[in-house]
Amino acid sequence: MTATAAPDQSLHPGVIEFLSGKSKKFLINGRWQEAQSGKAFPVHNPATAEVISHAAEGDRADIDQAVAAARRALEDGSWPKMTPADRSKLLHKIADLVESHADELAQLETLNNGKTIRESRKGDLPLAVDLLRYFAGWATKIHGETIPVSVPYAPGTKFFHYTTREPIGVVGAIIPWNFPLLMAVERLAPILACGNTMVLKPAEQTPLTALRLGELLIEAGLPPGVVNIVSGFGPTAGAALSAHPDVDKVTFTGSTEVGRDIVRASAGNLKRVSLELGGKSPNIVFADADLEAAAKGIFMGIFYNQGQCCSAGSRVYVERSKFDELLTALTKRAQTVRQGPGLDPNTQMGPVVSQEQMERVLDYAASGKREGAKLLCGGQRLGGALAKGYFVGPTVFSDVRDQMKIAQEEIFGPVVAVMPFDSADEMAARANGTSYGLVAGVWTSNVKRAFQMAQKIKAGTIWINCYHFVDSASPWGGYKQSGYGREKGPYAIEQYTQVKSVWVDLN
Ligand code: ADP
């Protein structure tokens, strides 16, 4: 086992306590346990590359055990006997616990993922608490319908026909590393509100906040086996979960490539699948837009969370007459951003999550240069005091053609391609010119054009004169190869329930 660095004593006492000890165990059937193989893997702080902890490395045997625990909890014991109101109370209790531990969880998230403490504290944590409360409200409002049936081939017959909405069953949730706690909660809240049980597999880069959440679930009194959390790697633990014959549904957020693996793996028992995958989202600025607001929006659209957002506005299109002005403003801002460890309150941009991710981002920057795009800033690993961490400078490219790799492929890092355009018609076609369709931003003061663009762009979310706004009530998901199914809002209830029709003979 790689040596673990002693936790910084200025951290929150809860974080120090959580990080003390040799290795984090995972949660199966209400108990903390090591992997059956005895293996554990190192967990890094991307700002320093130091090992801050180890986590038990689950594989097929542990997933089998976790799925069996989730199945038992679904079918016997206290969970299926709980009323919807009790499930609602439990979710509220979890929300209260997450809220009262928000400072600690935010620090742990920043330490493990690298994002700034401001983003963890003001973004991820309040959203996680809100999701829990939003779906706590839904728990008591999930119901079927009575349907007047006619039965044309049996005239004169009478039936009472109704539907119920029942849990899907055991749900496997495989989540990424860019919003680790938030993604865990975004799945857990509707899954539990609907009465399911689950096995959560956090990303191998960022297992810590999910494991800490597990402790809070126990404190809240969640019955054993309802939520099992198995840390481990994608090709082993993740693949075992997505192929498991006793898992009824898999919900996945991650790359489009792995999304395809998940779909293939689901075929064995035809489990339900919902996928929230990659994006290469256009952020489009018309010349009549409020340019100051647009400049802020395109900056934040790409560089929030170091560009590690599936919804990153990584293709910026500016109407030609304002192109130079906006490009200069964006580049200037990118050059003056304060980079550093996320825990430093002065930091505006932290490191990317891992060495592998940093190398991937730098490879894309190199490919942009090779293909003839003009690098205006960034594109390199930072040196000096930050040389040990995985820091990449905010990277801006101009002279980009739509067919270049940096304009087609998801980079998932702080790299933006800025391109001019000449007309709204041309722009709609170019906006739709990738295999993705997750989100798009449109900046204009022309209302008619805003609506027209919203209609023409093939994406699951359109932001008009704003960017990166999300809410527990707003459905989230993609068109095309950005995935299928919608998380959040009432649509999530459909994802995690199934409908039963019941006929009662009244003849
Ligand atoms: P990224 O490339 O950004 O790391 P991935 O799509 O690889 O994103 O990872 C997202 C999640 O999917 C992680 O929890 C990871 O462990 C998991 N994963 C990766 N490969 C597989 C796989 N073959 N089957 C199931 N899950 C996987």
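Worth saying up front: this structure is predicted, and the values here are computed from it rather than measured. Both counts, for ligands and for their atoms, begin at 1 and track the order of listing.
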Check for me whether Lys374 meets the cation-pi criterion with Phe397, that is, NZ or CZ under 6.0 Å from the six-membered ring centre and within 45 degrees of the ring axis. no

Does an N or O anywhere in Thr253 fall below 3.5 Å from an N or O of ligand 1? no

Interatomic distance, Asp62 atom CG to Ser37 atom OG [nearest 0.5 angstrom]: 6.5 Å

For the residue pair Gln107 and Arg121, confirm or rule out a side-chain donor-acceptor distance under 3.5 Å. no

Residue of the set Thr209, Asn113, Asp103, Thr110 for which side chain to side chain donor-acceptor pair (under 3.5 Å) holds with Ser120: Thr110

Quick look: Ile175 vs ligand 1, heavy-atom contacts under 4.0 Å, and the answer is backbone

Considering only protein heavy atoms, which is closest to atom 3 (O) of ligand 1, and at what distance to one decimal place? Trp177 NE1, 3.3 Å

Would a 4.0 Å cut-off, counted as strictly less than, catch a protein heavy atom around atom 23 (N) of ligand 1? yes

Taking the six-membered ring of Phe233 as reference, does the NZ or CZ atom of Lys201 fall below 6.0 Å from its centre and within a 45° cone about the axis? no

Can you list the ligand 1 atoms lying under 4.0 Å from a non-hydrogen atom of Lys201? 14 (O), 15 (C), 16 (O)

Among non-hydrogen protein atoms, atom 7 (O) of ligand 1 lies closest to Val258 CG2, 3.6 Å

Ranked by distance from atom 12 (O) of ligand 1, the top protein heavy atom is Phe252 CE1, 3.2 Å

Any idea which of Ser255, Ser231, Ala239, Ala203 brings a heavy atom closest to atom 8 (O) of ligand 1? Ser255

Below the 3.5 angstrom mark, is there an N/O of Ser242, backbone or side chain, next to an N/O of ligand 1? no

Residue and atom name of the nearest protein heavy atom (relative to atom 25 (C) of ligand 1), distance in Å to one decimal: Gly238 C, 3.2 Å

Could you state the interatomic distance from NZ (Lys39) to CD (Glu57), rounded to the nearest 0.5 Å? 5.0 Å

Distance filter under 4.0 Å to Asp261 heavy atoms, resulting ligand 1 atoms: 23 (N)

Those atoms of ligand 1 less than 4.0 Å from some heavy atom in Gly254: 6 (O)

Write out the residue and atom name of the closest protein heavy atom to atom 18 (N) of ligand 1, then the distance separating them to 0.1 Å. Gly234 CA, 3.3 Å

Which part of Phe412 is near ligand 1, with near meaning a heavy atom under 4.0 Å away: side chain, backbone, both or neither? neither

Mind checking whether Gln357 has an N or O less than 3.5 Å away from an N or O of ligand 1? no

Any heavy-atom pair between the side chains of Leu241 and Ile174 that's under 4.5 Å? yes

How close does the nearest protein non-hydrogen atom get to atom 15 (C) of ligand 1, and which residue and atom is it? Glu204 OE1, 3.5 Å

Looking only at the aromatic ring of each residue, does the gap between the centers of Trp177 and Phe412 stay below 6.0 angstrom? yes

Checking side-chain polar atoms at under 3.5 Å, does Thr347 have a donor or acceptor matched by the opposite partner on Thr116? no

Among Lys249, Arg486, Lys488, Arg272, side chain to side chain donor-acceptor pair (under 3.5 Å) partner for Gln495: Lys249

Check whether any N or O atom of Ile174, backbone or side chain, sits under 3.5 Å from an N or O atom of ligand 1, and answer yes or no. no

Can you label the angle between the Trp463 ring and the Trp476 ring as parallel, tilted or perpendicular, going by 30° and 60°? tilted

